[in-house]
Chemist: 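Okay, handing you the structure first.
All values reported here derive from a predicted model rather than from experimental measurement. Here is the naming used below: chain letters follow the sequence lines, and residue numbers restart at 1 for every chain.
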Amino acid sequence: MPELPEVETVRRGLERLVLNKTVQEVNVLWPRIIESPSAEDFAALLIGETIEKMERRGKFLIFRFSHYDMLSHLRMEGKYEFHEHAQDALDKHTHVIFKFTDGTELRYLDVRKFGRMSLVPSGEALLHRSLAKLGPEPTQDYFELAPFQQKLRKYHKAIKPLLLEQTLVVGLGNIYVDETLWQAEIHPEQPADTLTNKEIERLHSAIIDVLDRAVKAGGSTIRTYMNALGEAGKFQRQLHVYGRTGEPCERCGTLIVKIKVAQRGTHFCPNCQKLRNRKPREHK
DNA sequence: ATTAATCCCTGGAGGC
DNA sequence: TGCCTCCAGGGATTAA
């Protein structure tokens, strides 16, 4: 499932493949993929548009066209395929085809059809309903400890689903959130407002570190994820808890367990990540 | 106001 | 072999 590291890897691939290409025609084979405007308008408005920049915000890809910004979220299994020749056989999960004036093609594939695209006037991408509420990018420059600390105090909700909301910080999905909580030694169900300052500092560092290392590894290939160049990621080799149920924790040897937290499969070490009843007193 | 549940989708795995 | 059920889950939406 593409999370920030996978989306960033796709962005980099697309930057090499489709920058400066001009759209000749767009075919939408599964209209529900297009959130807005209508699939017909989406296709018509893109004709003659040139891709001037490839950006990313959280897990959203932003194609900056001459007069429009195209938002694209891959959700679970969305992927882009670049084809030098339009006559290449069409995979049955192809839902949107961008035909360029030079005869090449960019195809959007999505087995489960969960991915979504929208088209808005240039410069309005970040104002879009789904992007406006996003938290900071998970890097040293944008993700500051103090505001993070403040926000965590406001919610009693379990830390894992809170981090998945993308409002405190962007980029974490089910894999990296489990990895981050393991690294920070925090139980996924620990209520946010019961975290100690020490724990919040560890969590803050872990989020930046895990996502940064995953980007450098080209993301993780768990089931089907491939980048725009068709290459697998390498970070799955560095995973400590995700998909390792029943294997020994690399820190303490206790067997990794899997539970459900807010409908999501959740992996953690029951020894390193203990659930506390309440916040212990902190001394200065 | 926060938080929980539901929905969208299909392929793969496991049971019998 | 084949049919059935269950599971994977991000984010929008609806309900409590």
Side-chain angles (χ1 to χ4, degrees), chain A residues 1-8 10 28-37 39 56-62 71-80 90-96 108-118 120 125-135 137-138 150-181 188-195 207 211 214 219-226 236 239 241-246 257-268:
Chain A
M1 53 222 72
E3 301 179 32
L4 186 145
E6 292 74 30
V7 178
E8 174 58 19
V10 169
V28 179
L29 285 65
W30 187 263
R32 297 192 70 155
I33 297 279
I34 314 300
E35 232 164 24
S36 69
R56 178 192 58 73
R57 177 75 174 95
K59 303 180 201 170
F60 288 83
L61 285 167
I62 306 175
L71 307 179
S72 170
H73 199 299
L74 307 173
R75 295 280 179 92
M76 305 303 299
E77 306 206 21
K79 46 182 75 75
Y80 281 99
L90 216 59
D91 181 282
K92 72 181 225 187
H93 299 112
T94 306
H95 305 312
V96 185
Y108 177 76
L109 292 79
D110 193 337
V111 170
R112 278 147 86 180
K113 301 174 177 168
F114 271 18
R116 292 292 179 263
M117 294 179 195
S118 303
V120 301
L126 300 181
L127 306 173
H128 187 267
R129 195 163 35 98
S130 43
L131 273 72
K133 61 182 175 206
L134 295 181
E137 289 290 319
Q150 300 276 326
K151 287 173 199 156
L152 286 173
R153 273 202 278 270
K154 287 178 50 190
Y155 304 96
H156 189 63
K157 189 173 179 171
I159 186 64
K160 170 166 171 171
L162 186 59
L163 291 173
L164 288 175
E165 282 180 16
Q166 312 298 306
T167 49
L168 301 204
V169 62
V170 296
L172 296 169
N174 207 42
I175 298 171
Y176 298 115
V177 76
D178 281 2
E179 291 302 311
T180 293
L181 290 169
E189 291 177 297
Q190 191 69 44
D193 59 356
T194 65
L195 292 172
I207 290 168
L211 291 174
S220 304
T221 296
I222 299 294
R223 286 162 40 79
T224 57
Y225 162 79
M226 295 287 164
Q236 65 277 10
L239 297 178
V241 285
Y242 188 88
R244 300 200 47 190
T245 311
V257 299
K258 183 176 181 181
I259 60 170
K260 281 260 186 202
V261 178
Q263 279 80 254
R264 302 283 182 259
T266 300
H267 315 72
F268 71 105

Chemist: Classify the angle between the aromatic ring planes of A:His73 and A:Phe60 as parallel (below 30°), tilted (30 to 60°) or perpendicular (above 60°).
Modeler: perpendicular
Chemist: Just the rounded figure in Å: distance from C1' of C:dG9 to CD1 of A:Ile259.
Modeler: 16 Å
Chemist: Please indicate yes or no: is the ring centre of A:Phe114 less than 5.5 Å from the centre of the six-membered base ring of B:dC8, with the two planes inclined by under 30 degrees?
Modeler: yes
Chemist: Examine C:dG11: is either OP1 or OP2 under 4.0 Å from a nitrogen or oxygen in the side chain of A:Gln166? Give yes or no.
Modeler: yes
Chemist: Please determine, for the side chain of A:His156, which listed nucleotide (B:dT3, B:dG11, C:dA12) has the closest atom?
Modeler: B:dT3
Chemist: At under 4.0 Å between heavy atoms, what does A:Lys151 touch on the DNA or RNA strands: base, sugar-phosphate, or nothing?
Modeler: nothing
Chemist: Out of C:dA12, B:dT2, B:dT10, which has the shortest distance to the side chain of A:Lys154?
Modeler: B:dT2
Chemist: From C-beta outward on A:His73, which listed nucleotide comes closest to its side chain: B:dT10, C:dG10, C:dA12?
Modeler: C:dG10
Chemist: Please report, rounded to the nearest Å, how far the P atom of B:dT3 is from the CG atom of A:Asp193.
Modeler: 8 Å
Chemist: Taking atom P of C:dG9 as reference, at what distance in whole Å does atom CE of A:Met76 sit?
Modeler: 6 Å
Chemist: Between C:dT13, C:dG10, C:dA8, which one does the side chain of A:Lys260 approach most closely?
Modeler: C:dA8
Chemist: The side chain of A:Arg75 lies closest to which of these nucleotides: C:dG10, B:dA4, C:dA8?
Modeler: C:dG10
Chemist: With a 3.5 Å cut-off and just heavy-atom distances, do the side chain of A:Arg264 and the base of C:dG10 make a donor-acceptor pair?
Modeler: yes
Chemist: Okay, side chain of A:Gln166, backbone of A:Gly58: is any donor-acceptor separation there less than 3.5 Å?
Modeler: no
Chemist: Would you mind reading off the distance between A:Leu164 atom CG and B:dT3 atom P, rounded to a whole angstrom?
Modeler: 14 Å
Chemist: For A:Arg116 and A:Ala158, take the nucleotide of DNA chain B holding the closest heavy atom to each; which residue's nucleotide lies nearer the 5' end?
Modeler: A:Ala158
Chemist: What's the CD-C1' distance between A:Gln263 and C:dC7, to the nearest Å?
Modeler: 13 Å
Chemist: Can you check the A:Ile33 CD1 to C:dA12 C1' distance for me, whole Å?
Modeler: 15 Å
Chemist: What nucleotide among C:dG9, B:dG11, B:dA4 has an atom nearest to a side-chain atom of A:His93?
Modeler: B:dG11
Chemist: Report yes or no: does A:Glu179 contribute a side-chain atom to a donor-acceptor pair with the main-chain N or O of A:Tyr242 at less than 3.5 Å?
Modeler: yes
Chemist: Starting from P on C:dA8, measure out to CZ on A:Arg112 and report it in whole angstrom.
Modeler: 10 Å
Chemist: Let me spell it out: for each of A:Arg32 and A:Leu162, pick the nucleotide of DNA chain B with the closest heavy atom. Which residue's pick is nearer the 5' end?
Modeler: A:Leu162
Chemist: Does the A:Glu35 side chain pair with the main chain of A:Ile33, one donor and one acceptor, at a distance under 3.5 Å?
Modeler: no
Chemist: Taking C-beta and beyond as the side chain, do A:Arg56 and A:Leu4 meet within less than 4.5 Å on heavy atoms?
Modeler: yes
Chemist: Give the rounded distance in Å between these two atoms: OH of A:Tyr242 and P of C:dA8.
Modeler: 8 Å
